[in-house]
Amino acid sequence: MNKKLIYVLEDEENIRHLIRYNLESSGFRVRCFETGSSLFSALEDAVCDLLLLDIMLPDTDGYEVLAKIRLDKRFCNMPVIMLTAKKEELDKILGLEMGSDDYITKPFSVREMTSRIKAVLRRASNNKVAADPVLPERIELMGIEILPVSHQVRKDGKRLPLSLKEYQLLEILMSAPGKVFTRDMLLDKIWGYEYIGETRTVDVHIRYLRRHLGDNGPDFKYIDTIRGLGYKFIDSPEASDV
Ligand code: CA
């Protein structure tokens, strides 16, 4: 079986060794990097299956690296797990939802790290398998265009820097305009059954997605809130009356 390739960007040598040792014994291939620039030159040669990304780095920081990855169509769907050392960093990740797929706080147990990595990889491959056979090449509604194959979203021709989850939410909603998706349905589809969290997570991501779309309430143009139920994509102004 093909071993998954994990890239690790972490400037602390002992943490790099700890991660490498444990991931290699769990059957992963691992490449470690100390600087953002060395990571990006490696990505030019080969994309990895998942990136473990530290925040405090000598030449850059993890947020900048993540933003750069999400804006590059070659890497934008690469699963990323952030490593945070401080409470403020965690707050920032949660607050901005920078497009990381998960986060791990230091100090972490290697068992937790390994199981989070496996969960993110499983989700990524489930999404791929589930998405491939049914998706059209392009969906366009009300000036919003999504290209499922490359996971790109454009509004009025301008590319929007959505996180993976924001993209998935939009894709699901736009694949069936007018259909109401409950929070539980969206959680299952995007976060998967193993996700232990609250349906509020969906609301938070919808809020970020609306911000990207410039969809400001109280009268939403694109994504409608169905009180007590969930969300739907409004495919035309008339459809909002349904
Ligand atoms: Ca560091």
Side-chain angles (χ1 to χ4, degrees), residues 70 76-77 79-81 93-103 115-116 118-155 160-242:
R70 290 296 179 242
C76 63
N77 299 319
V80 177
I81 297 181
I93 293 180
L94 294 176
L96 294 177
E97 178 54 36
M98 291 286 298
S100 72
D101 295 274
D102 203 351
Y103 59 87
S115 66
R116 281 180 182 267
K118 286 181 177 165
V120 168
L121 286 172
R122 200 158 52 229
R123 229 147 51 205
S125 73
N126 284 348
N127 287 336
K128 230 182 229 165
V129 171
D132 282 348
V134 284
L135 283 173
E137 275 181 19
R138 182 172 163 278
I139 305 173
E140 185 173 3
L141 295 166
M142 298 170 70
I144 297 173
E145 179 189 20
I146 67 176
L147 304 167
V149 178
S150 57
H151 276 207
Q152 286 188 33
V153 177
R154 294 201 185 93
K155 186 190 169 195
L160 303 179
L162 301 190
S163 73
L164 179 59
K165 294 200 176 64
E166 289 157 1
Y167 171 81
Q168 289 170 328
L169 267 175
L170 184 64
E171 185 188 278
I172 290 169
L173 294 173
M174 283 182 65
S175 66
K179 175 177 171 178
V180 178
F181 290 88
T182 67
R183 291 175 176 81
D184 284 326
M185 283 161 81
L186 294 169
L187 266 183
D188 284 347
K189 276 174 182 286
I190 296 168
W191 281 265
Y193 291 97
E194 75 265 29
Y195 181 78
I196 303 157
E198 298 183 50
T199 48
R200 204 177 46 191
T201 306
V202 175
D203 301 335
V204 171
H205 283 79
I206 289 279
R207 196 156 68 230
Y208 293 126
L209 178 56
R210 278 175 169 155
R211 200 177 296 164
H212 282 299
L213 296 173
D215 197 2
N216 305 309
D219 295 316
F220 295 106
K221 279 181 300 201
Y222 305 110
I223 298 169
D224 208 5
T225 306
I226 312 302
R227 193 175 281 273
L229 263 182
Y231 298 95
K232 70 170 183 181
F233 194 87
I234 305 166
D235 62 338
S236 68
E238 293 85 336
S240 63
D241 299 327
V242 175

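All values derive from a computational prediction rather than experimental measurement.
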What are the two closest heavy atoms between [X] and [Y], and how far apart are they?
X	Y	value
P148	Y167	CA-OH, 3.0 Å
H205	E166	O-CG, 4.2 Å
I223	D215	N-OD2, 3.0 Å
K179	K232	O-CB, 3.1 Å
S175	I139	CA-CD1, 4.2 Å

Quick one: list whatever passes side-chain contact (heavy atoms from CB on, under 4.5 Å) with [X], sequence neighbours left out.
X	answer
Q152	K73, L147, S150, R154, R159
L229	V180, T182, I226
K155	I144, L160, Y222

Does a side-chain heavy-atom distance below 4.5 Å link [X] with [Y]?
X	Y	answer
Y231	L169	no
Y208	L162	no
R70	V80	yes

All salt bridge (charged side-chain N to carboxylate O under 4.0 Å, His left out) counterparts of [X], not counting sequence neighbours:
X	answer
D203	R183
R227	none
R116	D102, E112

Using 0.5 Å steps for rounding, measure from the [atom1] atom of [X] to the [atom2] atom of [Y].
X	Y	atom1	atom2	answer
I234	D224	CD1	CG	4.0 Å
I190	I172	CD1	CD1	4.0 Å
K165	S100	NZ	OG	7.0 Å

**OP:** Apply side-chain contact (heavy atoms from CB on, under 4.5 Å) to the pair I206 and L173, showing each step before the final yes or no.
**Re:** CA-CA 11 Å; I206 289 279; L173 294 173; 4.1 Å; yes
Subject >> Listed partners of E145 passing side-chain hydrogen bond (donor to acceptor under 3.5 Å, both in side chains), at least two apart >> reply: R138
**OP:** Can you sort out the partners of T225 under side-chain hydrogen bond (donor to acceptor under 3.5 Å, both in side chains), two or more places apart, ordered by chain and number?
**Re:** R210
Subject >> Test log, rule salt bridge (charged side-chain N to carboxylate O under 4.0 Å, His left out), inputs R122 and D101 >> reply: CA-CA 12 Å; R122 200 158 52 229; D101 295 274; over 6 Å; no
Subject >> Side chain N77, main chain H151, donor-acceptor under 3.5 Å >> reply: no
